Protein chains: 2
Amino acid sequence: MNHFGDVVRERRERLRRQDRRYSLRQVAQRIGLEPAYLSKIERSEAAPPSEAATVRLAGELGEDPDVLLALAGKVSRDLQDIIRKRPRLFAELIRQLKDAPDHAVLRVVREVRDGDW
Amino acid sequence: MNHFGDVVRERRERLRRQDRRYSLRQVAQRIGLEPAYLSKIERSEAAPPSEAATVRLAGELGEDPDVLLALAGKVSRDLQDIIRKRPRLFAELIRQLKDAPDHAVLRVVREVRDGDW
DNA sequence: CGGAGTGTGTCCTATGTAGGACACATGAAT
DNA sequence: ATTCATGTGTCCTACATAGGACACACTCCG
């Protein structure tokens, strides 16, 4: 399993090679965290930050927020709220899709998008 | 919005009318919580308990665990783990279904269940 | 009446979450 | 050589989570 801190560090250092504004300190400042704290996060000495901070970090790094949250072991609040409003329905759907291959899930996504409900 | 504590209390007292083993104390003991704590939960003086305790409570009351967890403002860990493994896919699907009517979601559930992927 | 069982008030605690403050050593640039 | 920025080590904190312990007052019922 890819760990949160490693991914963040790699992403940031890759960006940094082209733009020196991606130092740990500057990124930390832009997303509103203390450098020492971000340092600990990148070395997995501290757990991933809050959802809000993780999303800001994703923005800064050009990463998909849902992916970064997933690496942090979380599911974004807005998705949880959608599920919470119709728990039986969504619980069943998601459990059904657990072992479905990607392409099957994608087909469903497309069907729904183009759906005429 | 129906509150967690009220639902639990109502459910329990309904059961109690037919079976006096559904006193607060006895239920608390069966699910492994202190009576004083369960009392606070039912009166919303304390927040809903942990996911594990909530699920045991649901079992005791004959309620759907996902529904009770939803009332507790939570989404069960196992669902979150399914989403976390394919965050982009599931995030897109769930957001698409946000405003879809129940019957549309149900149709998708059925399609997937009978699906030949 | 006297006990058994019931719900609740009060107080306490351990662990986790989400960071901030500050100092320090190193390295890069001028 | 000095300045400046960089990453990091150490220490500290406020709040939330998830309860346990115990005592108390009421009530039901044999």
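All figures in this text were calculated on a predicted structure; none of them were measured in a lab. In the text below, chain A, chain B and the rest are named by the order of the sequence lines, each starting its count at 1. FYI, side chains are in, hydrogens and waters are out, and symmetry mates aren't considered; it's all heavy atoms of this structure.
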I'd like to know if B:Arg25 reaches the base of C:dG7 with its side chain, counting only an N/O donor and acceptor under 3.5 Å. yes
Considering just the side-chain nitrogens and oxygens of A:Gln26, establish if one lies under 4.0 Å of OP1 or OP2 belonging to D:dT6. yes
Check whether more than 12 heavy atoms from other residues, nucleotides or ligands sit under 6.0 Å from atom CZ of A:Arg88, and answer yes or no. no
Taking 4.0 angstrom as the limit, do A:Asp78 and B:Lys98 come out as a salt bridge? no
Within 45° of the ring axis of B:Tyr22 and under 6.0 Å from its six-membered ring centre, is that where the NZ or CZ of B:Arg30 lies? yes
Hey, are the side chains of B:Ile94 and A:Ile94 touching, using non-hydrogen atoms and a 4.5 Å cut-off? yes
Spacing between B:Leu38 atom CG and C:dT8 atom P, to the nearest angstrom: 9 Å
Can you spot which of B:Glu42, B:Glu63, B:Glu60 makes a salt bridge (charged side-chain N to carboxylate O under 4.0 Å, His left out) with B:Arg11? B:Glu63
Once you round it to whole Å, what is the distance between P of C:dT6 and CD of B:Gln29? 10 Å
So that I can tick it off, tell me whether B:Asp114 and B:Arg110 are bridged by a salt bridge, with the cut-off set at under 4.0 angstrom between side-chain N and carboxylate O. no
May I have the distance from B:Ile31 (atom CD1) to D:dA18 (atom C1'), rounded to whole angstrom? 13 Å
Starting at CG of B:Leu24 and ending at P of C:dG7, how long is that distance when rounded to a whole Å? 5 Å
Please give, in whole Å, the distance from C:dG7 P to B:Glu45 CD? 16 Å
Minimum side-chain heavy-atom gap A:Leu57-A:Val27 below 4.5 Å: yes
Is any NZ, NE, NH1 or NH2 atom of the basic residue among B:Arg9 and B:Asp6 found under 4.0 Å from an Asp or Glu carboxylate oxygen of the other? no
Run the salt-bridge test on B:Lys85 and B:Asp81 with the 4.0 Å N-O cut-off and return the result as yes or no. no
So which of residues 10-21 of chain A are in contact with DNA chain D, with a heavy-atom cut-off of under 4.0 Å? A:Arg12, A:Arg16
Do the side-chain N or O atoms of B:Ser23 get closer than 4.0 angstrom to the phosphate oxygens (OP1, OP2) of C:dT6? yes
Nearest to the side chain of A:Lys74, which nucleotide is it out of C:dG9, C:dA18, D:dT10? C:dA18
When you compare the protein's N or O atoms with those of nucleotides 19-22 of chain D, which come within less than 3.5 Å of each other, and at what distance?
from	atom 1	to	atom 2	distance (Å)
D:dG19	OP2	B:Ser50	N	2.9
D:dG19	OP2	B:Ser50	OG	2.6
D:dG19	O5'	B:Tyr37	OH	3.2
D:dG20	OP2	B:Glu34	N	3.1
D:dG20	O6	B:Lys40	NZ	3.1

Grab the CZ-C1' distance between B:Arg9 and C:dT6 for me, whole Å please. 11 Å
